[in-house]
Participant: 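Take this structure first; my questions come after.
Quick caveat: nothing in here was measured; it's all calculated off a predicted structure. Note that these values count all heavy atoms, side chains included, but never hydrogens, waters or copies made by symmetry.
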Amino acid sequence: MDKKKLVGLLAFFIAVGMLIMLFLHNDFVGIIIIALLLFIGYSCYSSC
């Protein structure tokens, strides 16, 4: 995967995460979602 595609994918998912947190007013649930997505992203990145 080239860098341009990776940066675009990262920007898209950061925007999706910010949109989710805009509608989600509970901070604890937001922290759980962030930790879960970080774990999923790391496991997907390290398996490539």
Participant: Listed by chain and number, what are the side-chain contact (heavy atoms from CB on, under 4.5 Å) partners of Leu19, not counting sequence neighbours?
Facilitator: Leu22, Phe23
Participant: Please list, chain by chain and in numerical order, all residues satisfying side-chain contact (heavy atoms from CB on, under 4.5 Å) with Phe28, sequence neighbours excluded.
Facilitator: Asn26, Ile32
Participant: Only counting residues at least two apart or in another chain, list the ones meeting side-chain contact (heavy atoms from CB on, under 4.5 Å) with Asp27.
Facilitator: none
